[in-house]
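These notes are about the structure you will find just below.
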Number of protein chains: 4
Amino acid sequence: MSRPREEKYQAILDAATEAFAEYGFFNSQISKIAKLAGVADGTIYLYFKNKEDILISLFTERMGKFIIEVLQEIEKCQTAKERLLRIIKTHLRYMQENRSLAMFTQIELRQSNPKIREAISGPLREYFHCIEQVLTEGVKNGEFALPDIVVGRQMLFGTLDAMVSDWVISKKPRALEDLEDTAFDLMCGAFRIRDGN
Amino acid sequence: MSRPREEKYQAILDAATEAFAEYGFFNSQISKIAKLAGVADGTIYLYFKNKEDILISLFTERMGKFIIEVLQEIEKCQTAKERLLRIIKTHLRYMQENRSLAMFTQIELRQSNPKIREAISGPLREYFHCIEQVLTEGVKNGEFALPDIVVGRQMLFGTLDAMVSDWVISKKPRALEDLEDTAFDLMCGAFRIRDGN
Amino acid sequence: MSRPREEKYQAILDAATEAFAEYGFFNSQISKIAKLAGVADGTIYLYFKNKEDILISLFTERMGKFIIEVLQEIEKCQTAKERLLRIIKTHLRYMQENRSLAMFTQIELRQSNPKIREAISGPLREYFHCIEQVLTEGVKNGEFALPDIVVGRQMLFGTLDAMVSDWVISKKPRALEDLEDTAFDLMCGAFRIRDGN
Amino acid sequence: MSRPREEKYQAILDAATEAFAEYGFFNSQISKIAKLAGVADGTIYLYFKNKEDILISLFTERMGKFIIEVLQEIEKCQTAKERLLRIIKTHLRYMQENRSLAMFTQIELRQSNPKIREAISGPLREYFHCIEQVLTEGVKNGEFALPDIVVGRQMLFGTLDAMVSDWVISKKPRALEDLEDTAFDLMCGAFRIRDGN
DNA sequence: TATGAATGAGATTTCATTCAT
DNA sequence: CATGAATGAAATCTCATTCAT
């Protein structure tokens with residue numbers, strides 16, 4: 001049974017998240033990750049091909065879970081407007097609850113190494129696609145007025161990302177949740193969503 | 001006569017910009033930068049204390065020039081609405097004309113090394129402050145309706161940043177300039193700016 | 001079972017002794033020491049913090065052993081005169097049997113680096129103290145006539161050190177042992193020790 | 001006229017003495033010496049072949065002056081006993097007045113680099129020879145009883161050297177001069193010199 | 001599977017020396 | 001003669017990865 005296998009795999013991923021978030025990819029030595037995970041250095045190479053592979057696996061997995069959560073939340077909604085609010089809430093709350101992931105995303109999202117950049121862009125594009133679909137629907141059924149879907153997505157994602165970025169960097173941050181309503185309010189204005197439900 | 005001195009300093013900074021943009025800070029070896037700049041490895045240490053110092057000098061200098069340009073453009077404007085448009089245009093055009101700086105900003109903006117992060121945050125905060133002042137003025141004189149200045153700034157900067165990010169990553173990008181009007185249009189909606197000038 | 005660990009530690013120390021003796025501290029590159037010890041360069045840093053640490057460990061360990069031997073020999077003796085002879089014999093014989101240590105002591109004893117000098121002065125002072133105690137006893141019980149204990153120690157140590165120094169530098173040296181009796185004879189004169197018993 | 005040439009040559013030598021005494025040979029960079037001497041780095045190479053050459057020239061010159069002084073002092077004396085006292089006094093006083101030279105001698109006398117060691121041993125051997133001649137004479141005319149001239153020289157030089165060494169290392173040293181009489185007293189005992197002049 | 005000691009390639013940085021001015 | 005900017009070889013140290021146990 002591969003339960004222990006799975007356990008150690010997760011332990012390493014958790015340790016890497018923490019380390020990458022705090023020190024960045026290049027300053028997180030394998031030995032540091034191994035110690036945090038409570039395994040030997042060599043053990044890591046039983047679960048991952050190399051250091052890069054940890055980063056890629058990490059991002060794919062964690063971002064994957066995030067997207068699944070977003071999708072689940074969205075599905076519960078009736079209108080595009082509701083979905084927009086859901087995306088905002090889920091994004092900010094998820095990041096708030098996973099500060100390490102948030103930091104790590106902020107810090108390592110835009111990795112320089114082309115191979116890593118490539119691997120990372122997959123899950124991110126998926127998220128972008130999900131956002132764009134919601135916007136497209138909103139436009140189609142007349143809820144939103146939006147001259148360009150992609151620009152709309154850039155605005156929505158960019159705003160949320162900037163909020164998380166500020167929150168991650170500042171030491172005593174205003175809770176991310178508190179920004180939900182204001183963010184939603186502004187987005188409604190940008191997308192010309194009428195006040196009534 | 002320090003003309004040659006200044007020349008070499010700039011050559012190294014240019015080389016570093018290029019290298020950091022393409023490979024990232026950690027994968028840009030001093031020898032690589034030196035070769036790009038057409039100087040010997042040791043020469044770099046006549047102009048910079050160490051590798052970190054290059055990054056910090058680079059960001060401070062280039063970002064400084066950017067902010068000066070933004071400020072100059074803003075001053076020409078009469079209304080806050082015009083200033084908003086100016087910021088959008090200047091930001092996107094400057095980044096388009098300095099792709100390396102844009103890439104580098106995207107990539108290294110969120111550095112893990114605390115010392116670098118600290119040094120980098122200065123010029124950035126200055127830019128944020130500049131944006132927030134424009135927004136505050138707009139609210140004061142009734143041009144904008146905005147529940148929260150900081151959130152407004154996050155939206156404006158976040159949107160522009162996401163646009164640059166997309167542009168930098170995609171290989172055959174739509175010109176950044178083409179996004180100006182749409183971005184301005186959406187921001188006007190978000191900030192409840194009336195259509196008439 | 002840390003037998004191999006201890007073995008490698010000693011191998012590196014032996015290699016360093018040899019290298020330092022022949023080439024001096026600054027001209028003994030880590031790679032040279034590693035090759036002599038039969039390990040990889042990096043291995044050295046598993047056992048020592050840095051190059052300085054090798055020098056300090058080396059001196060502390062080897063000088064410590066020497067002092068222990070001197071103390072053991074001294075304890076066997078009844079009179080201060082006998083102890084004086086024992087110190088002379090042990091000093092010269094130990095250095096003769098550990099030519100590398102002798103060279104190294106001669107060469108690196110007076111290091112320029114303050115941190116090293118500090119670390120090295122400890123064991124040396126211990127040896128000086130041991131000599132001075134013997135002299136003090138001899139004076140107290142009337143065996144020696146000595147106007148100044150410290151000067152007495154300087155004379156004894158200086159003489160032995162000069163002998164070792166000559167022996168180390170000259171290529172075809174007279175055996176150090178052969179000097180024992182003459183040295184003792186002269187010291188007896190200097191310290192006004194009577195010929196009998 | 002080569003007055004200015006000579007001046008700069010001496011300035012560099014003085015600077016080197018100071019630097020070597022304080023930091024040791026390897027930690028005294030050419031640029032440091034140049035700055036101390038008030039000349040440009042390159043200028044040093046107009047006067048010396050390389051860094052080693054400075055050390056060798058330095059030692060040869062300064063030690064040469066010392067030996068000349070010793071010889072002059074000795075010549076004034078009538079008896080070997082007087083000459084012995086003269087050597088002791090001149091040695092200790094000269095070192096006291098040239099603390100940098102003393103430090104430098106203590107620190108760099110026993111250099112590891114074979115080429116340097118070779119060059120340094122010349123002047124030193126000359127001094128040894130001078131001492132040994134005094135001792136030989138003393139023995140010949142019955143003033144001294146000494147079983148071995150070389151051992152006698154080792155004792156005399158070793159004692160003086162140990163005194164200087166202690167003086168150089170200790171921060172608040174007893175004046176070297178104060179040791180003259182005690183040292184002479186002990187040497188008289190060692191060499192069986194009768195009390196009467 | 002798991003370990004962690006050992007490896008050695010590779011990176012940053014220093015500094016003696018040169019040479020155009 | 002004098003300068004000091006530039007050079008680039010070389011040294012220390014780090015750390016991802018391997019492999020015998």
Side-chain angles (χ1 to χ4, degrees), chain A residues 2 4-5 8-9 25-35 37-54, chain B residues 1-2 4-5 7-9 12 26-35 37-54, chain C residues 1-2 4-5 7-9 12 26-35 37-54, chain D residues 2 4-5 8-9 25-35 37-54:
Chain A
S2 72
R5 175 158 182 91
K8 241 163 226 187
Y9 179 83
F25 180 70
F26 282 95
N27 287 318
S28 296
Q29 295 82 341
I30 289 288
S31 62
K32 208 185 268 177
I33 297 172
K35 189 174 285 179
V39 302
D41 293 20
T43 304
I44 289 188
Y45 289 85
L46 299 174
Y47 293 88
F48 300 91
K49 217 165 76 248
N50 51 34
K51 202 183 163 188
E52 248 173 38
D53 188 32
I54 303 178
Chain B
M1 211 232 330
S2 71
R5 182 163 178 84
E7 256 170 42
K8 229 158 242 187
Y9 178 84
I12 294 170
F26 283 96
N27 285 319
S28 296
Q29 294 84 337
I30 289 290
S31 61
K32 208 184 270 177
I33 296 173
K35 190 173 286 180
V39 301
D41 293 19
T43 304
I44 290 190
Y45 290 87
L46 298 176
Y47 294 88
F48 300 92
K49 225 170 64 246
N50 51 35
K51 203 182 160 188
E52 244 173 41
D53 189 33
I54 304 178
Chain C
M1 212 234 328
S2 70
R5 182 163 177 84
E7 257 170 44
K8 230 158 240 186
Y9 179 83
I12 295 169
F26 283 97
N27 285 317
S28 296
Q29 296 83 338
I30 289 290
S31 60
K32 208 184 270 177
I33 297 173
K35 190 174 285 180
V39 301
D41 291 21
T43 304
I44 289 189
Y45 291 88
L46 297 176
Y47 294 89
F48 300 92
K49 223 169 66 246
N50 51 34
K51 203 182 161 189
E52 245 174 41
D53 188 33
I54 304 179
Chain D
S2 71
R5 177 161 182 87
K8 241 164 225 185
Y9 179 84
F25 179 71
F26 283 96
N27 287 319
S28 296
Q29 295 82 340
I30 289 288
S31 62
K32 206 185 271 175
I33 296 172
K35 188 175 287 180
V39 301
D41 292 20
T43 305
I44 290 188
Y45 289 86
L46 299 174
Y47 294 88
F48 299 92
K49 217 164 76 250
N50 51 33
K51 202 183 164 189
E52 246 173 38
D53 188 34
I54 304 178

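In the text below, chain A, chain B and the rest are named by the order of the sequence lines, each starting its count at 1.
Counting to the nearest Å, the C1' atom of E:dA6 and the CD1 atom of C:I12 are 11 Å from each other. We find that CG of C:N27 is positioned 14 Å from P of E:dC15, with the value rounded to whole Å. In this structure, C:I44 atom CD1 and E:dA6 atom P are separated by 12 Å, rounded to whole Å. Atom-to-atom, CZ of D:F48 to P of E:dT17 comes out at 13 Å; the value is rounded to the nearest Å. Between the OH atom of A:Y47 and the P atom of E:dT1 there is a distance of 7 Å, given to the nearest Å. What separates NZ of D:K32 from C1' of F:dG4 is a distance of 19 Å, to the nearest Å. Computed from coordinates, the C:D53 CG to F:dT14 P distance equals 12 Å when rounded to whole Å.
Here A:D53 pairs with A:S57 under the side chain to side chain donor-acceptor pair (under 3.5 Å) rule; sequence neighbours left out. Every residue meeting the side chain to side chain contact (heavy atoms under 4.5 Å, CB included) condition with B:E52, not counting sequence neighbours, appears here in chain and number order: B:N50, B:N113, B:K115, B:I116. Shown here are the ring pair (Phe, Tyr, Trp, His ring centres under 6.0 Å) partners of D:Y45, two or more places apart in sequence or in another chain: there are none.
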Take D:I54 and D:Y47, measure what side chain to side chain contact (heavy atoms under 4.5 Å, CB included) needs, and give me the verdict at the end.
CA-CA 9 Å; D:I54 304 178; D:Y47 294 88; over 6 Å; no
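Atom OG1 of C:T43 sits about 13.0 Å away from atom CD1 of C:I33, to the nearest 0.5 Å. Taken to the nearest 0.5 Å, the CG atom of B:L46 stands 8.0 Å off from the CD1 atom of B:I12.
Closest of all the heavy-atom pairs between B:I44 and B:I30 is CD1-O, 3.9 Å. Nearest approach of D:K8 to D:V39, heavy atoms of both residues: CG-CG1, 3.8 Å.
Stretches of at least 3 consecutive Watson-Crick or G-U wobble pairs, with each checked distance under 3.5 Å, appear in DNA chain E as E:2-21 with F:2-21.
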All N/O contacts under 3.5 Å from nucleotides 11-14 of chain E to the protein, with atom names and distances to one decimal?
| from | atom 1 | to | atom 2 | distance (Å) |
| --- | --- | --- | --- | --- |
| E:dA11 | OP1 | B:Q29 | NE2 | 2.8 |
| E:dT12 | OP1 | B:K51 | NZ | 2.9 |
| E:dT12 | OP2 | B:I30 | N | 3.2 |
| E:dT13 | OP2 | B:Y45 | OH | 2.7 |
| E:dT13 | OP2 | B:K51 | N | 3.2 |

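The side chain of B:K8 contributes no N or O atom lying less than 4.0 Å from OP1 or OP2 of F:dA5.
Heavy-atom distances to DNA chain F give each of C:L46 and B:T43 a nearest nucleotide, and the one nearer the 5′ end belongs to B:T43.
Taking every side-chain heavy atom of B:A40 into account, F:dG8 is the closest of E:dT3, F:dA5, F:dG8.
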